[in-house]
Amino acid sequence: MNTPIYDFINSYTNSDYVRFHMPGHKGKKFLGFENMDITEFKGADSLYEADGIIRESENNASLLFGTQLTSFSTEGSSQCIKAMMYLAMINKKTQTRPVVVAARNVHKSFIHAATLLDFDIVWLWPEGDLRSLCSCEITADALDKTLSELDSAPMAVFITSPDYLGGTANIKALSEICHKYGSMLIVDNAHGAYLKFLEPSQHPIDLGADICCDSAHKTLPVLTGGAYLHISKNAPCGLREYAKYALGLFGSTSPSYLILASLDICNKYLADRYRDKLKNTTATIEQCRVKLRQNGWKVEETDPLRITVCVPDGMSGNDIADLLRKKHIECEYSDPEFVVLMATPENEAEDFDKLITAFGKNTKMYSNKKSIPAAKAEQKMSIRQAIFSSHEFIPASESEGRICRELTVACPPAIPIAVPGELIGRNAVDLFDYYGIERVDVVK
């Protein structure tokens, strides 16, 4: 597969052109890569009006992912999530106030989208108490019930899959329910770009999602900030034409060409035996999970590129992360209950051996962990109204009965303890204490 962006930059870098254009470093090496850091000029195309090398590279990505359209983002899935919600709004069929049905474990950029676009949210919660704020398991029956109780179909249903612990939703079943009610399914697939290249594909677009985003940099060899916005071949007509506008609405007019070149090179990487490399890596990861379990650790069933270890009695995931760090292993995430490690085909076999040795043998017991109460709350004002209200910071212990002004969350993406505009209740205060949140931003 060709690499038009990289080839153009490489050709320009090796030419004798004098740079009377931005950026200000003029290609001189300060960090070492400035010579490849360019801006829009003749031949370099323009990300949000792409009709040259960027468009060619995006078309390559679209072929790889089997989409109607794949557009690049240089500002991660955060930019894509806002763009996806804008696309949902312009696709809205009625003149009623816009509503999105969303699983509660959203990335904060979804809340920012609600602030900017001013839509309401009907939250989907898992049944019963929670195992973790990072997971929100939604069944097709629960979604069906929620949609059946609404006066009209929401402009979209929004879910996060995989979640931070590696749990994956039944996207096929959820998409069928969405389409039954005439609503789109939008998926934050930030952690799952690689899912397309499993056998068979587990990518949301192939399972029925209408729109999704992938953070290429999370699981593929792409520079931080590189992401994809995908529109399914079965998505409503017209979304394709507005995709670039939607991304440009929330993105910088100075997108990084280093990130674009990284996405461009990744096309070739994916087309060149990546499936085989991925298959070998997932097998190695599964062997690692087996060995950890044999050594007494409880390891979750997760998406294929993640190792999520449950914490035994008397320990904290943060403590285990510190112990791993002393052995020169840095995990992706830790909290009181879990340690999360993410791997890719770029990890060497010895990396996994080192990880198993670092964990060692666990001799502590696992008892039933206490469940986390869901801090369901009444929405007193819209998210937008709350965000733009006068506010003050107060001790979290004194916040019961106040209206949340700013998102309060343990980690992104996760179930927010309190969302802007919600009345803070006793359960929320207890969760603030459990997760070490000392101050809360509330409406005056």
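Hydrogens, waters and symmetry mates play no part in the numbers below; they use all other heavy atoms, side chains included.
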Can you confirm whether Arg273 is buried at CZ, in the sense that more than 12 heavy atoms of other residues, nucleotides or ligands lie under 6.0 Å from that atom? no

Between the side chains of Tyr164 and Asn105, is a donor N or O closer than 3.5 angstrom to an acceptor N or O? no

Verdict with reasoning, Ser201 to His203, per side chain to side chain donor-acceptor pair (under 3.5 Å): CA-CA 6 Å; Ser201 168; His203 194 270; 5.7 Å; no

Assess whether side chain to side chain contact (heavy atoms under 4.5 Å, CB included) is satisfied between Ser57 and Tyr6, documenting all intermediate values. CA-CA 10 Å; Ser57 185; Tyr6 174 78; over 6 Å; no

I want to check something: taking the side chain as every heavy atom from C-beta on, are Thr344 and Tyr194 in contact at a cut-off of under 4.5 Å? no

Can you tell me if Ser135 and Asp163 form a side-chain donor-acceptor pair at under 3.5 Å? yes

Can you tell me how far OG1 of Thr363 sits from CG of Asn295, rounded to the nearest 0.5 angstrom? 11.5 Å

Phe110 and Phe119 aromatic centres sub-6.0 Å: yes

Might you confirm whether atom CG of Asn14 has over 12 heavy atoms from other residues, nucleotides or ligands at distances under 6.0 Å? yes

Closest non-hydrogen atoms of Ala271 and Met1, given as atom of the first, atom of the second and distance, are CB-CB, 4.1 Å

Using the ring centroid of each side chain, check whether Tyr245 and Tyr48 are separated by less than 6.0 Å. no

Kindly indicate, with the supporting measurements, whether the criterion side chain to side chain donor-acceptor pair (under 3.5 Å) is fulfilled by Asn35 and Thr13. CA-CA 6 Å; Asn35 61 325; Thr13 296; 4.5 Å; no

Please report the C-alpha distance between Glu348 and Lys354 in whole Å, then the side-chain angles of each, then the deciding distance to 0.1 Å, and finally whether the salt bridge (charged side-chain N to carboxylate O under 4.0 Å, His left out) criterion is met. CA-CA 10 Å; Glu348 306 289 346; Lys354 185 175 180 181; over 6 Å; no

If you compare all heavy atoms of His107 against all heavy atoms of Ile81, which two are closest, and at what distance to 0.1 Å? CB-CD1, 4.3 Å

Calculate, to the nearest 0.5 Å, the distance between atoms CG and CD1 belonging to Asn59 and Ile54 respectively. 12.0 Å

Using distance alone, with no hydrogens and no angle criterion, decide if Ser73 and Gln79 have a side-chain donor and acceptor under 3.5 Å apart. yes

Tell me, do Pro304 and Leu198 make a side-chain contact under 4.5 Å, heavy atoms counted? yes

Taking the side chain as every heavy atom from C-beta outward, state whether Phe65 and Leu270 have any atom pair closer than 4.5 Å. yes

Going from OG1 on Thr146 to CD1 on Ile177, what distance comes out if it is rounded to the nearest 0.5 angstrom? 11.0 Å

Any side-chain heavy-atom pair from Asp188 and Ser161 closer than 4.5 angstrom? no

Please state whether the rings of Phe359 and Trp297 are parallel, tilted or perpendicular, taking 30° and 60° as the class boundaries. perpendicular

Does a donor on one side chain and an acceptor on the other come within less than 3.5 Å for Thr168 and Asp303? no

So which atom in Glu75 and which in Ser252 form the shortest heavy-atom distance, rounded to 0.1 Å? OE2-N, 2.5 Å

Cut-off 3.5 Å, side chains only: do Tyr435 and Asp335 have a donor facing an acceptor? no

Under a plain distance cut-off of 3.5 Å, with no hydrogens placed, do Glu40 and Tyr257 share a side-chain donor-acceptor pair? no

Assess, by modelled atom type and distance only, whether the side chains of Thr284 and Gln287 contain a donor and an acceptor separated by less than 3.5 Å. no

Let me confirm one number: the SG-CG distance from Cys266 to Asn60, rounded to the nearest 0.5 Å. 11.5 Å

What do the steps show when you test Ser334 against Asn318 for side chain to side chain donor-acceptor pair (under 3.5 Å), and what is the final call? CA-CA 5 Å; Ser334 65; Asn318 298 322; 2.7 Å; yes

Straight-line distance of Ile387 CD1 to Leu407 CG, nearest 0.5 Å: 7.5 Å

Can you confirm whether Cys80 sits close enough to Leu247 that some side-chain heavy atom of one is under 4.5 Å from a side-chain heavy atom of the other? yes

Heavy-atom count check: over 12 atoms from other residues, nucleotides or ligands less than 6.0 Å from Lys279 NZ? no

Would you give the length of the straight line joining atom OG of Ser175 to atom CG of Asp210, rounded to the nearest 0.5 angstrom? 8.0 Å

For residues 222-235, dump all side-chain donor-acceptor pairs below 3.5 Å to protein atoms at least two apart in sequence or in another chain.
residue : atom : partner : partner atom : Å
His230  : ND1  : Thr70   : OG1          : 2.9
His230  : NE2  : Asp214  : OD2          : 2.7
Ser232  : OG   : Asn234  : N            : 3.0

For Glu127, look at atom CD and say whether over 12 heavy atoms of other residues, nucleotides or ligands are found less than 6.0 Å away. no

Would a 4.5 Å heavy-atom cut-off, applied to side chains only, mark Leu305 and Leu278 as touching? yes

So which heavy atom on Gly296 is nearest to which on Asn362, and how close? O-ND2, 2.9 Å

Arg289 and Glu286: CA distance, side-chain angles, deciding distance, salt bridge (charged side-chain N to carboxylate O under 4.0 Å, His left out) verdict: CA-CA 5 Å; Arg289 293 193 193 102; Glu286 182 54 34; 2.7 Å; yes

Taking atom types as modelled, find out whether Ser62 and Thr67 have a side-chain donor-acceptor pair closer than 3.5 angstrom. yes

Is a side-chain donor-acceptor pair under 3.5 Å present for Glu56 with Asn2? yes

Minimum side-chain heavy-atom gap Val339-Cys310 below 4.5 Å: no

Checking Asn91 against Tyr242 for the side chain to side chain donor-acceptor pair (under 3.5 Å) test, could you report, in this order, the C-alpha distance in whole Å, the side-chain angles of both residues, the deciding distance, and whether it holds? CA-CA 10 Å; Asn91 185 63; Tyr242 288 95; over 6 Å; no

Please say whether more than 12 non-hydrogen atoms of neighbouring residues, nucleotides or ligands are located less than 6.0 Å from CZ in Phe8. yes

Minimum side-chain heavy-atom gap Val100-Val157 below 4.5 Å: no

Looking only at non-hydrogen atoms, find the nearest pair between Ala246 and Tyr86 and report the distance. CB-CD2, 3.6 Å

Crowded around Arg275 CZ? As in, over 12 foreign heavy atoms under 6.0 Å? yes

